[in-house]
Structures are given as structure tokens and as C-alpha cells.
Amino acid sequence: MDPGRRRDYVQPMHDVRYVVDNLDEVRARLARRSDEAAKLLDPVSDLAGERRRLIAAAQEKQAARNTASKEMAGLDKSSEAFAQRRASLKTLSQEVKDIEREQTEVQTKLDSILATIPNLPDPSVPDGVSEDDNAVVHVWGEPKSYDFEPKAHFDIGPELGILDFERAAKLSGPRFVVEVGMGARLERALINFMLDLHTKEHGYTEVAPPYLVKDTTLYGTGQLPKFEEDLFKTRKSDPERSYDLYLSPTAEVTLTNLHQDEILDGADLTRAYCAFTPCFRSEAGSHGRDVRGMIRQHQFNKVELVRVCRPEDSMDELENLTRHAETVLERLGLHYRRVALCTADLGFGAVKTYDLEVWLPSQEKFREISSCSNCGDFQARRAKIRYRTEKGKKPQLVHTLNGSGLAVGRTLVAILEQGQRADGSVEVPEALRPFMGVDVITGA
RNA sequence: GGAGGAGUGGCCGAGUGGUCGAAGGCAGCGGUUUUGAAAACCGCCGUAGGGGUGACUCUACCGGGGGUUCGAAUCCCUCCUCCUCCGCCA
């Protein structure tokens with residue numbers, strides 16, 4: 001944790017007062033995720049009461065101390081009265097400190113509990129116990145029919161000489177890929193195509209953020225403290241440095257935290273940012289899943305979309321953002337569907353999430369290529385991102401949204417698989433041809 | 001890597017132990033004046049957390065954390081960030 005920036009080591013993800021005042025409602029909403037999530041609430045009410053009691057007690061003592069201290073300022077320092085006063089105040093001062101210490105302890109305990117409680121699902125999120133309960137919202141396009149057995153990208157790519165998994169393993173181990181020739185160009189074409197679309201047509205501001213981030217930044221968006229095992233942590237080159245740097249797992253982290261600790265002008269909302277970055281994930285818990293090919297890599301490129309808006313706009317903004325991501329797939333002519341994640345599959349910080357899933361003919365399955373979430377005020381509370389409509393009015397927490405627009409590697413996979421032809425070549429989607437310079441990929 | 005300097009409210013900036021939540025200025029808001037505008041003058045103008053139905057009131061916060069003290073923006077420790085000079089480097 002970075003002690004230079006944050007006041008508290010663990011930021012609560014929920015508004016204590018709201019949780020305590022609406023305990024039953026909050027519990028019911030959490031129970032839609034799981035019983036375990038709802039159980040986390042049990043100690044909250046008592047701790048909140050204790051906290052309140054201690055605050056009142058501390059303030060009373062503090063007020064008394066302050067009054068007495070002010071009187072001392074007017075006394076003759078060498079006088080007998082001064083010495084007596086000082087002695088009696090010493091006791092009072094100690095009492096204040098004791099209560100303050102107790103208060104800090106309770107506050108810390110309360111905050112760390114609140115930090116582990118996931119966000120409350122929106123009423124429109126379907127109930128469910130597993131990803132099988134996700135609801136298909138719509139399907140775009142149709143699966144192409146092939147007069148041959150469609151191959152997987154991890155066969156198509158190496159046969160064309162544009163993807164090289166063996167040499168990647170030599171260099172970096174499993175879950176990496178080397179793209180060669182037209183493969184590398186396809187990657188770059190996709191990045192440019194996506195960035196152009198979002199900046200020129202969808203109004204996003206392009207950002208090129210750092211790829212290494214401090215732990216505090218990861219707290220802001222909720223990757224820490226719960227998901228440390230998913231991250232690559234760097235070693236300190238400078239032993240003097242007190243904080244750790246992590247490889248960013250997604251540009252959501254940097255884009256959302258851009259306005260950490262700021263009060264934005266309400267007139268500037270909604271803010272829309274997009275960024276192309278590599279993303280790094282340890283995939284610690286996914287042994288044996290998607291081991292072949294580039295579906296699940298330690299390093300992959302992604303164009304990320306982030307929107308920062310007023311609370312009343314966030315549900316509309318989720319539709320906007322999701323449409324922006326879908327537009328990429330549609331321009332590329334890729335068959336996909338949109339699903340609304342059910343309560344069981346919803347991410348930790350999300351109020352509501354749509355996944356976009358692209359069709360992979362080799363697997364005859366839809367695979368996730370984008371995840372678009374409304375995080376409500378969850379991240380804003382941690383990262384202290386607020387806005388003000390009018391001068392003098394109280395600042396309010398913004399709502400934050402993020403989504404992939406899209407995961408570049410998986411898009412490349414989809415193009416190879418959906419565009420493959422009997423002779424092993426791959427048709428380049430029309431929208432991409434200006435960026436590629438060719439209509440068909442026939443080799444590296 | 002070596003040597004120094006600095007961080008105060010939206011911005012600038014004063015303040016080295018008590019009456020300082022903090023002078024002064026700029027920006028902003030309201031008002032007086034004016035045919036209108038400008039100028040001038042007057043007032044307002046940080047965030048968070050308690051208590052109260054409420055008018056209101058209390059507490060905390062001068063980069064973060066900790067310490068010294070009856071009392072800290074001010075003294076000490078530590079971390080963060082920024083700047084200057086030298087060296088190295090894409």
C-alpha cells in the first residue's frame with residue numbers, strides 16, 4: 001500500500017451509513033449473489049454502532065481539551081496556576097488519545113469488512129447460480145457454414161506462419177505467442193481500427209497510460225486486496241522504495257483511476273476514455289483451461305473503454321458503452337451475442353454486466369471477447385472520484401463504467417476462425433483492409 | 001547512482017509552538033452603484049465525520065502515516081510527490 005497518498009489503508013467499498021440504515025435491503029440484494037456475500041454483513045451493524053459511540057466520546061473530550069488549552073495560552077507560563085493546569089490536562093489528553101486509538105481500531109475493522117463485500121446487483125440483473133444462468137440479450141449475425149471442417153486458430157495461425165506458439169514458449173514459457181508478418185500486422189491493424197473507431201466516431205479521448213501501477217491504484221478499482229494472485233508483481237529494483245509495482249491487468253485500472261482524489265465539474269460529465277494497452281494476468285487459478293492457443297494468455301493487448309458519469313446516467317451509459325464495443329464486432333462482420341451476466345457470475349465491483357461473446361466455429365461455442373460493466377459508485381468511493389454540479393453544492397460520487405472494446409488477441413482469433421477458407425487462407429474483414437493492405441492472408 | 005530544495009484552501013501565497021481552519025491576492029457567487037457594461041465598494045466562497053425535527057452546533061483535516069507537547073501548519077521520525085545540479089541511460 002502506498003502510504004504517501006492514501007489516508008486509509010483499506011478503503012470501504014460501501015457507504016457505512018447506507019448499509020446500516022438499510023441493512024435488510026442490502027442483505028437481500030447481496031443474497032442474490034450468494035449466501036456467503038450476505039453473511040459478510042453480520043458484524044457491520046454492531047461495529048458501526050460502536051464506531052459512532054466512540055466518535056461522540058472522543059469529540060466530547062477533544063472539545064474539553066481544546067477549551068482548556070485555549071485558556072492556558074493566556075496564562076503566565078511561570079505561574080503556579082499554569083503548572084497545575086498542565087498536570088491535570090495531561091490526564092485528559094491521555095484519555096483523548098486512548099479513545100482515538102480505539103476508534104481507529106474499530107474503523108479499520110469495519111472498513112476491512114466493507115472492503116470484502118461485493119457490489120449490489122442491479123434489479124435488472126437475472127438471478128442465477130452459475131454462468132449457465134446468464135441471459136442472452138441478442139444474437140448478431142449467423143454462423144458461417146463451411147464445406148470443410150473448420151480449424152482452430154492455433155492450427156490456422158502456425159500453418160500460415162503468422163502465429164508461433166513454440167518459439168513463444170522458448171522465450172517466455174506457456175501462455176504466450178509470437179506474431180509474425182501478417183499476424184503482427186493484423187494485431188496492429190486491429191488496434192488502430194478500434195482506436196480510430198472509438199475516438200473518431202464514438203467520442204472517446206485516447207489515453208496512453210503506464211503499464212506498471214502502484215498497489216494503491218489497484219485498490220482503487222478493486223483488483224486488490226482480493227485478487228492479488230491474478231497479478232504479476234514486480235520486484236523492487238530500488239530497496240529504498242516502499243511500494244510495489246504491478247503489471248497492469250487491464251487499462252480499466254489506469255483509466256478509472258485517472259481522476260482519483262478529484263472533484264470533477266459536473267458539466268464535463270460524461271467523460272469517455274479509451275486506451276490500447278497490453279494486459280498482464282497470471283492466470284494462476286486457470287490451470288488446464290484454454291491451454292492451447294491465444295484465448296488465455298499471460299500477456300494480451302486490449303483496447304479498453306471507460307466512462308465516468310453522473311449516477312442518473314450510468315444505466316444509459318452502460319447501453320452506450322456496450323453498443324460501442326458491439327460496433328467493433330459488427331464492422332468486422334463477426335457473429336456474436338450479448339449476454340447479461342446473472343447474479344452468480346457478476347464481477348466483484350459490478351452493478352450490472354454485459355458480456356459480448358464471439359462465435360468460434362472450431363469450438364462451436366461463443367467465447368467472451370468483451371465485458372462491459374456499470375460499477376455504480378463502487379470504484380468511485382474507493383478512488384474518491386466525485387463531481388459537483390454547482391459551486392457550493394456538495395460533491396457527489398460519480399459512477400464508473402468500463403468495457404473491452406475489444407480484447408485484441410481474441411478478436412484476432414475470431415477473425416482467423418470465422419474468416420478461414422478451405423485452402424488455409426484467411427479473408428480479411430473489409431473494414432480492416434485499409435489497415436492491412438491485403439484482402440486475404442495467405443502467409444506470413 | 002551522488003548532492004541539495006520544496007509540498008498550505010479551485011489557483012497563487014503568508015504563516016517556525018497557543019487567540020490559525022489558517023492573512024493577503026486571483027478566480028467564482030450574491031448585492032450596492034450604473035441606461036447597460038466596466039471599475040469601485042460590501043458580503044459569501046474547502047472537505048469529511050458526529051449531535052439536533054430544525055435554526056444550528058461540535059470534531060477532524062495545512063502531501064500521507066507516526067511521535068514529542070497541556071497545546072503542532074509550525075519541532076522530530078518516516079514515506080510519497082515534485083523541482084535543481086552532477087553522473088548514467090532508451
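Lettering of chains follows the sequences in order, A, B, ..., and the numbering in each one begins at 1. Because the structure is a prediction, the values reported are computed rather than measured.
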If I pick the [atom1] atom on [M] and the same atom on [N], what distance separates them, to the nearest angstrom?
| N | M | atom1 | value |
| --- | --- | --- | --- |
| G28(B) | A38(B) | P | 11 Å |
| C70(B) | G54(B) | P | 40 Å |
| G65(B) | U74(B) | P | 13 Å |
| A73(B) | U8(B) | C1' | 7 Å |
| A55(B) | G71(B) | P | 35 Å |
| A90(B) | U47(B) | P | 49 Å |
| G30(B) | A39(B) | P | 15 Å |
| C85(B) | C11(B) | C1' | 29 Å |

Using atom [atom1] of [X] as one end and atom [atom2] of [N] as the other, report the distance to the nearest whole Å.
| X | N | atom1 | atom2 | result |
| --- | --- | --- | --- | --- |
| R17(A) | G49(B) | CZ | C1' | 8 Å |
| E262(A) | G10(B) | CD | C1' | 12 Å |
| L92(A) | U69(B) | CG | P | 16 Å |
| Q62(A) | G71(B) | CD | P | 12 Å |
| E100(A) | G65(B) | CD | P | 13 Å |
| D261(A) | G63(B) | CG | P | 14 Å |
| I263(A) | C11(B) | CD1 | P | 10 Å |

I want to verify a distance call: between [options], whose nearest atom is closest to the [X] side chain?
| X | options | value |
| --- | --- | --- |
| K90(A) | A60(B), G50(B), C70(B) | C70(B) |
| A56(A) | G18(B), C80(B), G50(B) | G50(B) |
| R51(A) | C70(B), U19(B), G50(B) | G50(B) |
| Y243(A) | A60(B), U81(B), G18(B) | U81(B) |

Take the angle between the ring planes of H202(A) and Y204(A) and call it parallel below 30°, perpendicular above 60°, tilted in between.
perpendicular
According to the interplanar angle, ranging from 0 to 90°, do the rings of H298(A) and F176(A) count as parallel (below 30°), tilted (30 to 60°) or perpendicular (above 60°)?
tilted
Pair partner, G87(B) [Watson-Crick or wobble, under 3.5 Å]:
none
Who does A22(B) pair with, Watson-Crick or G-U, both distances under 3.5 Å?
none
I want to check one thing: is the phosphate of A60(B), taken as OP1 and OP2, less than 4.0 Å away from some side-chain N or O of R65(A)?
yes
Is V44(A) close to I113(A) at the side-chain level, that is, under 4.5 Å between some pair of heavy atoms?
yes
Taking for each residue the nucleotide of RNA chain B with the nearest heavy atom, is it K97(A) or Q59(A) whose nucleotide lies nearer the 5' end?
Q59(A)
Between E262(A) and R386(A), is the salt bridge (charged side-chain N to carboxylate O under 4.0 Å, His left out) condition met? List the steps.
CA-CA 6 Å; E262(A) 291 183 26; R386(A) 292 170 293 176; over 6 Å; no
Pick from E430(A), E326(A), E201(A): which one makes a salt bridge (Lys or Arg N to Asp or Glu O under 4.0 Å) with R331(A)?
E201(A)
